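What follows is one structure encoded as structure tokens, with my remarks underneath.
Everything quoted here is computed from the prediction, not taken from an experiment. Below, read A as the first sequence line, B as the second, and so on, with proteins coming before strands; counting in each chain starts at 1.
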Amino acid sequence: MLNRPYVELTGVSKSFVAGHPVLEEVSLTFRRGEIHAILGENGAGKSTLLNILFGMHQPDTGGILLEGRQVIHTSPADAIANRIGMVHQHFKLVPSFTVAENLRLAASPSARKRLVRNADIEKIAKDYGLPVDPKAIVGNLPLSLQQRVEILKALINRAELILFDEPTTILNPSEIEAFYRVLRQIADDGRAVVVVTHHLGEVLAHAEHASVIRRGKLISSAPVADRNRGDFVREMVGKSVDLDMPLKSDYVANGATVIALKGVSVAPTQSSSGLNNASLTLHAGEVVGVAGVEGNGQRELFELLAGLRQPESGTVEAQSRHPNGRAIAGLVPEDRHHEGLVLDLPVSVNLLLNRIGQEPYSRHGRLVHGEIARKAEEMRVACDVRARSVSVTPRTLSGGNQQKIVLARALNEDAPTVIVYQPTRGLDVAASEEVLKRLRQAANGGKAVLIISSNLDEILRVSDRIVVLYAGQTVGKVTSDTPREIIGDLMTGGGKQGSVNA
Amino acid sequence: MVFDPITISLLLAAAIRLGAPMLLASLGELVSERTGVLNIGLEGIMLFGAFGAVFGLQLTGMPYAAVAFGALWGMLAVGVVAIAVASLRADQIVVGIGFNILALGATSLLRDMVLSPAFQSPSLRNVSSYRIPYFSELPIVGRAVFSQSPILYGAVIVAILFWIFFRHTRLGLIFRAVGEGASAADAAGISVTNIRFSAMLVTGIMTGIAGAYLTLVASGGVFVDNITGGRGYLAVAVVIFGRWHPIWVMLASILFGAADALQYQGQAIGLSISPPLLLMSPFLLALIAWVLVGKSKTGPSEIGIPFLRGQK
């Protein structure tokens, strides 16, 4: 039973714009009891594939076979009726509704009978090993619990094939482990599981079968046991990228101090520990990584360095400041859609947003469009932003290209410092690599670069020095040679060194 | 100012009578807004309903048939808006405002073409007032509350039904879901377009009846140009003031009716304020509603946003 195909895709092609196929002749087989990972870069067509299975899009050619019989999904309702469930990357939940209301909304008529009372819901959730409070407002729940509600939606409708689109992007390392335990259970119960991801480590550790898609084409589909990391990277990127090669300089600490935080504190909030007597020094020419689990003061640290807030105690000493006293730094904020870009203004304006009021881009209060377009185009080419022209809007671009715009602007800032916060979140392997390389180049060119990230891999690869942030304190001064276990220990409060001057 | 029982009774009666068209229209608007559609075209729809009712009265001579005509015209009018907004996903504000301008011109033209100036309206007492036995004998509230138009009693029942609908029924849950998280509803296999379209049809019927009430109950079966005089816009404000809750919307429309009544009753109660200023009071109240409630946003989160599957 386990080896018979449950759902098959046969020669599926799809294009949204004529002549630009998103998927070309993709055939895949999903089996019960199996975690099947679909790997690929951003824009490779993975999400479109899932959306076709779930009835959100219809294939131009090819079709879906369910236990060997052809099915057509013209809407999610058809897919749900055929026992297919999907956990979307951006959750399809009503934030102002309770958990119970969301589950009832999504439940099929037969499933609804089992959800009449909140106590029923509580029991069902517990039976699936995914306990939730039915009365909680979904929008107030942490993302990991919201995801749990999404999974419950699929299970309650008795889904036999569950699709996950980038499920672990929003989870921290321990939540990721727990998440895959749930997936394993779901598969062991005889269901088929499909996970779209670009996190190779998870695939190698948890999936039985992996398929790689590149630019809409199926490159490979094989059991994971036969493959290694290098195979996958080559297939995803189309060329060999050595992910383990550090992006290091032969930097020796003798650059001038550009920013120094001395014993700064910021009051804690519900979602963050704030900062507690944290200290940090940044020198020209170095890359410093700030490692730590989200919510340990990262946001406050970024806002202090960006001049967006003042410390409640302690001092921020910066080499260069605005006339208004704010420290100047090139900034790459955490959320590029809301803080990094104005999504509906042209790329040119976004590239020069920090300078657009200055000469030569504006004279006597009037914008000099020619100069803006010329400089923006120069930056676009230099930073390899793949856009038709600088007059398109960032909303139409991929995440990687959006981030290149934010980064280009940050590096173009007339400041000795660049502060980046989660610089590669949501980016694929190649785009992340680009970002890290540019940061290294900036440091080699004499800038001081600070990377605040919860991704330890990227910090280890690019940093000259590493500071660990735990409970608002700078708890460790380690280098990239320090074993991961020790850094991991510090990140979770294991290091008892207390506050140090990093 | 004079406040004896009779004046209070008269003022309250006028507040409820004048609040009724706003209650009808705002209950209709409430349904649309709960599904995420901000229907600014209420003013125009009400105008079409008002015209339709008089047209129906002239055709049939029967007051209740005239009310049905008003509802039908309101439904047809909203159909135009709904095709643009729900099916073609046009900008809701632009369509609404455009539609209102169209309605003003179109009803004026139609009045000129099809309504006979010499038409003698039949007795409208049936739709204008009904004394509820026993209750209408009560002091003060007897005349004010229990001697109103049957249409108003119907509206109160509808308000309670809407409250039950949104709170206790599955379809109500789906309506709210479409307004609070359209893509979640879509992923649950619900057609956002169909739900919004149906909600707008309800809005059209209710608003058409509101128009019918204006001509049949409040102005004796006569249609004059721009008879709505901004009441459609006020109804949108009433929904906000009533915080998208049918029962609060009911109370808010009485408040707006009271503000409307002041222009007629102000002098009777000895209010020494210039009538043109009193005329302004409902709109001032509307402005306050927007500012106060706008500060603490509690409305459906998808309001005014066209739904497109898979948008970033």
Does [atom1] in [X] sit with more than 12 non-hydrogen atoms of other residues, nucleotides or ligands closer than 6.0 Å?
X: A/Arg158; atom1: CZ; answer: no
X: A/Leu345; atom1: CG; answer: yes
X: A/Arg215; atom1: CZ; answer: no
X: B/Arg89; atom1: CZ; answer: yes

Under 4.5 Å from any heavy atom of chain B - which part of [X]:
X: A/His90; value: neither
X: A/Ala107; value: backbone
X: A/Phe54; value: side chain

Minimal non-hydrogen separation, [X] against [Y], with atom names:
X: A/Pro95; Y: B/Glu180; answer: CD-O, 3.9 Å
X: A/Ala106; Y: B/Ala188; answer: CA-CB, 3.8 Å
X: A/Leu105; Y: B/Arg170; answer: O-NH2, 3.2 Å
X: A/Pro76; Y: B/Ala187; answer: CB-O, 3.7 Å

Reported CZ-to-CG distance for the pair A/Arg104 and B/Leu173, which is rounded to 0.5 angstrom: 8.5 Å
